[in-house]
Amino acid sequence: MKVLVSLNIPEIGIEMLREAGLEVTTWTNDLPMDREQLIAATRQHDILLSSSIYDLDADFLARNKHLKLISQFAVGYNNIDLGRAAALGITVANTPNAMTDATADIAFGLLLAVSRKMFHMHKMIIKDEWGHFRPQAHLGIELRGKTVGILGMGRIGAAFAHRCAGAYGMKVLYHNRSRNTEAENDIGAEYVSFGELLERSDIISVHCALTKETQGKFDKGAFDKMKPSSIFINTARGGIHNENDLIEALRDKRIWGAGLDVTHPEPMLYDNPLLQMENVAVVPHIGSATVEARNEMSRLAALNIIQFSKGGPLDNLVQ
């Protein structure tokens, strides 16, 4: 089978594929292929190792209906038209677990940065505005004993919850499609409705998938139900929050602060108002950007392909 690796991934996965006897074509440029390049290249291969940067929509799949497998270099797969892939008999797999700790760390780091206005204060030094001691200027808030609400108590959500409970003794609330009894038993997490999550939480952190149900879930109505002292964190997908509504909620002081690893759209424009707000921290979608996480993603994406080429089963099958 011929495999197209459509982005410049760590070598560990490439070596695995070649050692398994697969014919591999690699894209080694730092920037991704454009759409037509990807379509043309995919036509010459049986398997595509892709990622969420590519839109594998119905049109793309129709033009590459010969594909046997898409191995996603990511946990999320909302960039793939799963219905169309299933109709064409194209198997889809992903790389869960690889980035759990890395992404939970980013969420926790953003929470710390927002609560103490670290990004804003750093920029003040750069602009030579450190100035003199002002006892009531640029005050942050402390996190000990606060209540954290988590939307999506999966692997990453649970890892973030453990950090909050362990480091700051936070009370953990969560809303999920199903109960996570492990989190309930381990850290005393309390399952609540989405409305209750909004109303009771001092911090809300998003760790769910982007679906039709979660698209734009954090809009004006949701922000209005949150505490004026609350912090909003999103390290999942930018489409889960309405960015204009978030900007207005922060400007009107209906919520206290926000930390984002994901934006809508991506990349964020340099003049986005969020980047100038004192109690906002934004990073450019770097949740999985550690050596360990990216190597593991490469390994798992390759493992999907190797297992498929041998007739399966796949450890990380999506469909």
Heavy-atom pair of closest approach, residues Ala159 and Thr100: CB-CG2, 3.8 Å
Side-chain donor or acceptor of Asp261 paired with backbone N/O of Ile286 under 3.5 Å: yes
Phe160 with Tyr191, same ILVMFWY side-chain cluster at under 4.5 Å: yes
Ring centre gap for Phe232 and Phe223 strictly below 6.0 Å: yes
Contact summary for His45 and Lys2, nearest pair of heavy atoms: CB-O, 3.6 Å
Joint cluster assignment, Leu111 & Leu250, ILVMFWY side-chain distance < 4.5 Å: no
Minimum-distance pair of heavy atoms, taken over all atoms of Met1 and Leu22: O-CD2, 3.9 Å
Minimum heavy-atom distance between Leu274 and Asn272, given as atom pair plus value: N-OD1, 2.9 Å
Exam field: side chain Asp105 to backbone Phe108, donor-acceptor pair closer than 3.5 Å: no
Ser6 versus Ser50, closest heavy-atom pair with distance: OG-CA, 3.5 Å
Flag side-chain contact, heavy atom, 4.5 Å: Leu151 against Phe218: yes
Met153 vs Val172 side-chain heavy atoms within contact, under 4.5 Å: yes
Expected output: side-chain Ser71 to main-chain Ile305 donor-acceptor under 3.5 Å: no
Check: Asn316 side chain, Ala93 main-chain N or O, donor-acceptor pair, under 3.5 Å: no
4.5 Å side-chain heavy-atom contact, Asn304 and Gln72: no
Thr42 backbone acceptor or donor facing His66 side chain under 3.5 Å: yes
Donor-acceptor pair, side chain of Lys227 and main chain of Arg200, under 3.5 angstrom: yes
Axial cation check for Phe194 ring with Lys217, 6.0 Å and 45° limits: yes
Ignoring hydrogens and angles, write down the donor-acceptor pairs under 3.5 Å from the side chains of residues 287-295, residues two or more places apart or on other chains.
unit_1, atom_1, unit_2, atom_2, d
Ser288, OG, Arg294, NE, 2.9
Ser288, OG, Arg294, NH2, 3.1
Thr290, OG1, Ala293, N, 3.0
Arg294, NE, Ser288, O, 3.1
Asn295, ND2, Val291, O, 3.4

Exam field: side chain Tyr174 to backbone Ala183, donor-acceptor pair closer than 3.5 Å: no
Worked verdict on Tyr168 versus Glu142 for side chain to side chain donor-acceptor pair (under 3.5 Å): CA-CA 9 Å; Tyr168 289 105; Glu142 296 185 16; over 6 Å; no
Main-chain N/O of Ala222 paired to Asp219 side chain as donor or acceptor, under 3.5 Å: yes
Worked check of salt bridge (charged side-chain N to carboxylate O under 4.0 Å, His left out) between Arg63 and Glu36: CA-CA 11 Å; Arg63 295 168 73 178; Glu36 290 306 315; 3.1 Å; yes
Minimum heavy-atom distance Ala85-Val92, with the two atoms named: CB-CG2, 4.2 Å
Salt-bridge contact Asp57-Arg84 (side-chain N to carboxylate O under 4.0 Å): no
Pairing of Arg299 and Glu296 as salt bridge, 4.0 angstrom limit: yes
Backbone of Gly238 reached by a side-chain donor or acceptor of Glu266 within 3.5 Å: no
Glu243 side chain to Thr263 backbone, donor-acceptor under 3.5 Å: no
